[in-house]
Structure formats: structure tokens, C-alpha cells
Amino acid sequence: MGSRKETWVSKFGGTSLANYRQIQKVKDIVLSDPRRKIIVVSAPGKEHAEDEKITDLLYSCHRLCASGKSFDKPFETVRSRFLEIAEHLQVGKTVKDELQEIYERIPEETEPDYAASRGEYLNGKMFAEYIGAEFVDAQDVMFLTADGQVDETSYGKTAEAFSDPQRLYVLPGFYGTNPEGRIMCFSRGGSDISGAVAARALRADLYENWTDVSGILMADPRIVPDAKVVREITYREIRELASIGANVFHEEAIAPVRKVGIPIQIKNTNDPDAPGTSIVSYRNIDDCPVVGVSGKKPYRRVIIEKFMLNRYPDFYAMTAKLLNEVGLKSDVTISGFDAVTLYIDTKLFEDVEEIQERILVELDADACAVSEPLALIGIVGEGTAVEAGLLNQILFVLQSFGISPVSVTSGISPLSMLISVPVDQYEHTVSVLTHEAALLRSNL
Ligand code: ASP
């Protein structure tokens, strides 16, 4: 497709729009490529680490008001931040009046959603004016089900509202209308969902997601400060990384675009030339079998043994029922020939011995071993199940760094290998594995 005909949906997060200087950068980015047609905005986020996000301040306003207290203090911060933006960008002649209207309406609302949504609403309106675009209120095009999910009618309404390919539009993220006709917000960080819905509605060629990092990192930077950015990652890999503990892209925001295969490009507003990360349906796994390393702790590993387990087809259902009764939930379950292995959050255990006893008696098990707390680490990538020699290499590197895994499991998922280590070896192991995985790849 020729580039002039392409349509991109570009979403900018709270830090990208935290103040007028950031908003100026965003304007330059938006106008630098005519393929950017629908701009989805968050509310202004934190300018400095000690600041509060506008959305948090608005939630505080509702909370204070609902408990009969004055909400003037957080509201004045909201007011002054918007007025500062309006003044510097010379926009928003009506923003003063609108802020006053919001201030007066907050006490009338029983739910926090109206207040919370106003950060995106005002930011969207002022930004549209600043870049000369048409503002489309999310209230009119984005619909949520009663439980806060995307209502399918949003796709048709959004496509209709953004139908002129010659125009530039701004859509505030995070909120829409619920079945009762009231404003309702998605879960926190939900502007990503609004952007994904708009991208799918328009069958966009690209969904850009602008933030304050240059893409998805191979590991948590608090553990691996020099973790590299991944250039390309599949939707499935993102999901796997998140399941094993990584704080990556909002899963609900991937679902709409994954369905129709629209790539997501993560970009950094403060470093727009950095290539970022592409989230795609398929990628070439040659030379880059692993995209990341993530983990969770602490877990207890529970191994339940039963001789001739395959003769007891009800065993799994009975195990699940018993776990439920004692308040346990297994995050990872691995079936062996005569044993089942479960990894369960240590916090859920009240009395290990009592649980062991119940498992032995009620499941008529031969043995039930519960480990000391462990960390579970996933080495994630489309290539982990197919790359011959990867397991050997990982075991070799762990050994050479003096790490003795308690368990190594390969092949239960096509996308990951799982390793468990004592909790005090968690950070060290994640760091060793991330550096080793980076050496395997040209995808960085
Ligand atoms: N402003 C909302 C939040 O802080 C939504 C978003 O930024 O995506 O959660």
C-alpha cells in the first residue's frame, strides 16, 4: 500500500502530555507524518516523580467529596495544571468555565468515572485545538459493557466518526458510555484500549503507542539496569511475558488489534528517532529465539504423587476442587506420569502441614511434597521450543555462574522455558539469563 493511503492511530500516554513542553513535542511528532490520522490522548501524567497524575487527583476529588470532605485541594492542582497548559499553548478559551462546570458536577455523581474521565476530556479538547484537529468526544463513540469491557458497537460508531480520510482527529482515551448512558472508564491505563479500538475500527495500518520508554525491555530494568529494548515481539510473546510476571503492554489493549493483525509500534516521545518495539503476529525467530526474561516470587512448589495416575481421570478435577476449598490457586500446573506439580503463591498458604494432610487424605495421594519458597523464572520466546541446544546453553551458563536451579521445565509451553531457583537467587538468575539471551540475538 502506498504510504499516502495509510492510516495510523497514534496514542500518547500521560507522561508524553504531562505539561505544555511535552505537548509541543507531541504536536511536532503528530504533524511530522500525514499517516497519523487519529490521535488518542491520555490525561496529563506526572511531570516529576513526586507529582500526582491528573487522573489520580480526579479520583481523589471524587473520593473526598463522596465522604463529605472538601475536594478543593486536589481540584485546585488539576485546575492550575490545565490553566498553565492553556496559557502557554494559547488554547482553551472555555477551559476555565469547563473546569468550573466539572467542579460543580462532581458532587452530583455517585460513581467516580465522570470525575476520572475529565482529565482525558479536557486534554483532548485542548490538544485538538492546538494541532488544528477535530475533537471527537469518546462519550459519543466508545461504548462499554456493564462490566467495563469494550462493547462491539464501539467499532461501527468509531469508524463512522472518523470516516473522512482527509481529516485529523483527536479522541480522548480511557472512557466511553455504559449501557445506562453514563460515562464509564476502562481499567487504569485504559487509553491504550481506546487506541486499540480506534485502530481496529478503522482497520488502521499501524497502531502507534507513544510513551516515555524506547520500547519493551528484555527484563525489568530494576533488576537488569542495562536490559536492551526488543525490536520485534509477537502478541503471543507479550502475553507469555505478562503471565510470568512482566509488566508489559495492557493485555486488553492487545486483544482488539491482535484479532485483525494490526501491528503495534511502541515509541518514545522523548526520543522519537529511536526505533522502539513492534508488536506483530509473526516474526522471524532465526537468531533471536528469546525475547525476554521475567519471573515471579515467592512460590511454593507442590508435588502430588499418585501411583497409576492415568487410571484416575477425575484426579485433576478433584485436585482443582480441593485447592479451591482451601483457597489455593496454581499459576502453573505440570502433569507427569504419576505426579502433578503445582506452583502456588506462598501468600495463599495458611498452614502448609494441614494442606498437605488434606491432599494426602482427600485425594488418596501417595505423597505430597511442599517446597521452601522459590522464584519461578520464564525465558520467553517463539524460539525456545524449537531451538536445538538452547536448554544446554542455559544450563551451562547457570552452572558457570554458580546457580543451581531447583527445577527446569522445557516444552510445556511452545513459548517459554521455566526455571525455579531459591528466592535469594532470583535477581542474579534473571540478570544472568537476560545477558545470555541478549547474546543469542540480533533482534535488539
Ligand atoms: N489517565 C488514565 C490513567 O491514569 C488512563 C490512561 O492514561 O491510559 O489510568
Side-chain angles (χ1 to χ4, degrees), residues 6-14 16-17 30 35-43 55 113 116-121 123-125 127-128 133-165 167-211 235 238-239 242 248-267 278-281:
E6 284 195 17
T7 297
W8 292 0
V9 171
S10 307
K11 179 254 162 179
F12 290 86
S16 298
L17 298 158
V30 169
R35 289 173 289 190
R36 298 191 176 103
K37 294 279 189 228
I38 289 108
I39 314 303
V40 180
V41 299
S42 284
T55 309
D113 301 55
S117 71
R118 295 303 88 187
E120 270 72 10
Y121 169 81
N123 215 24
K125 247 184 142 176
F127 187 64
E134 184 178 325
F135 173 76
V136 174
D137 192 343
Q139 193 181 347
D140 302 326
V141 296
M142 199 62 63
F143 294 91
L144 287 87
T145 58
D147 61 351
Q149 306 298 308
V150 176
D151 187 303
E152 295 287 314
T153 52
S154 305
Y155 296 110
K157 287 275 182 202
T158 307
E160 213 176 286
F162 299 130
S163 60
D164 184 347
R167 301 191 80 139
L168 180 61
Y169 297 98
V170 172
L171 173 74
F174 188 41
Y175 71 92
T177 298
N178 74 3
E180 291 171 357
R182 304 175 75 83
I183 285 183
M184 187 174 187
C185 293
F186 288 117
S187 52
R188 294 304 303 266
S191 297
D192 284 347
I193 306 175
S194 312
V197 170
R200 171 155 156 209
L202 291 172
R203 290 285 195 265
D205 299 276
L206 185 67
Y207 172 27
E208 283 189 315
N209 199 285
W210 290 83
T211 172
Y235 305 120
I238 291 266
R239 167 94 186 115
V248 278
F249 205 72
H250 214 299
E251 175 60 28
E252 280 177 84
I254 291 187
V257 288
R258 176 183 181 155
K259 227 174 184 159
V260 288
I262 298 169
I264 305 171
Q265 186 72 29
I266 314 249
K267 296 278 284 178
S278 304
I279 308 176
V280 292
S281 304

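By convention here, the first residue in the shown sequence is residue 1.
Ser194 contributes a side-chain N or O that, together with a main-chain N or O of Phe174, makes up a donor-acceptor pair within less than 3.5 Å. Between the side chain of Gln139 and the backbone N or O of Gly176 there is no donor-acceptor pair closer than 3.5 Å. Here the side chain of Thr7 pairs no donor or acceptor atom with the backbone of Ala204 at under 3.5 angstrom. Judged purely by atom type and a 3.5 angstrom limit, Asp151 has no side-chain atom pairing as donor or acceptor with the backbone of Asn178. The main-chain N or O of Asp192 is found under 3.5 Å from a side-chain atom of Tyr207 such that the two form a donor-acceptor pair.
Relative to the six-membered ring of Tyr175, Arg118 meets both conditions, a distance below 6.0 Å and an angle of at most 45° to the axis.
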Derivation of the side chain to side chain contact (heavy atoms under 4.5 Å, CB included) call for Leu168 and Ile39: CA-CA 8 Å; Leu168 180 61; Ile39 314 303; 4.1 Å; yes

Test log, rule salt bridge (charged side-chain N to carboxylate O under 4.0 Å, His left out), inputs Lys157 and Asp140: CA-CA 8 Å; Lys157 287 275 182 202; Asp140 302 326; over 6 Å; no

Chi angles and distances behind the side chain to side chain contact (heavy atoms under 4.5 Å, CB included) call for Glu6, Lys37: CA-CA 9 Å; Glu6 284 195 17; Lys37 294 279 189 228; over 6 Å; no

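For the pair Tyr155 and Arg200, the minimum side-chain heavy-atom distance is below 4.5 Å. Contact check for Ile266 versus Ile279: side-chain heavy atoms found under the 4.5 Å cut-off. Under the 4.5 Å side-chain criterion, counting only non-hydrogen atoms from C-beta, His250 is in contact with Ser187. Proximity of Arg239 to Tyr235: side-chain heavy atoms (C-beta onward) are nowhere separated by under 4.5 Å. Using a 4.5 Å heavy-atom threshold, the side chains of Gln265 and Trp8 count as separate. The closest side-chain heavy-atom distance from Arg35 to Ser10 is not below 4.5 Å. Contact of the Glu134 side chain with the Asp164 side chain is not registered, since no non-hydrogen atoms from C-beta on lie closer than 4.5 Å. Residues Asp113 and Arg182 form no side-chain contact, since every pair of their non-hydrogen atoms from C-beta on lies 4.5 Å or further apart.
Across every non-hydrogen atom of Gly195 and Val40, the tightest pair is CA-CG2, 3.9 Å. Taking every heavy atom of both residues into account, Ile193 and Ala253 meet most closely at N-CB, 3.8 Å. Of all the heavy atoms in Lys11 and Ser191, the pair that sits closest is CE-CB, 3.7 Å. Across every non-hydrogen atom of Pro179 and Leu144, the tightest pair is CD-O, 3.1 Å. The two atoms that bring Val248 and Ala242 nearest to each other are CG2-CB, 3.9 Å, heavy atoms only.
Annotation: Arg188, atom CZ; neighbour count of heavy atoms from other residues, nucleotides and ligands within 6.0 Å is above 12.
Between Phe12 and Phe127, the ring-plane angle classifies as tilted under the 30° and 60° cut-offs.
Annotation: the span from Glu208 atom CD to Ile38 atom CD1 amounts to 12.0 Å, rounded to 0.5 Å. Here the straight-line distance linking atom CG of Asn209 with atom CD1 of Ile254 works out to 10.0 Å at 0.5 Å rounding.
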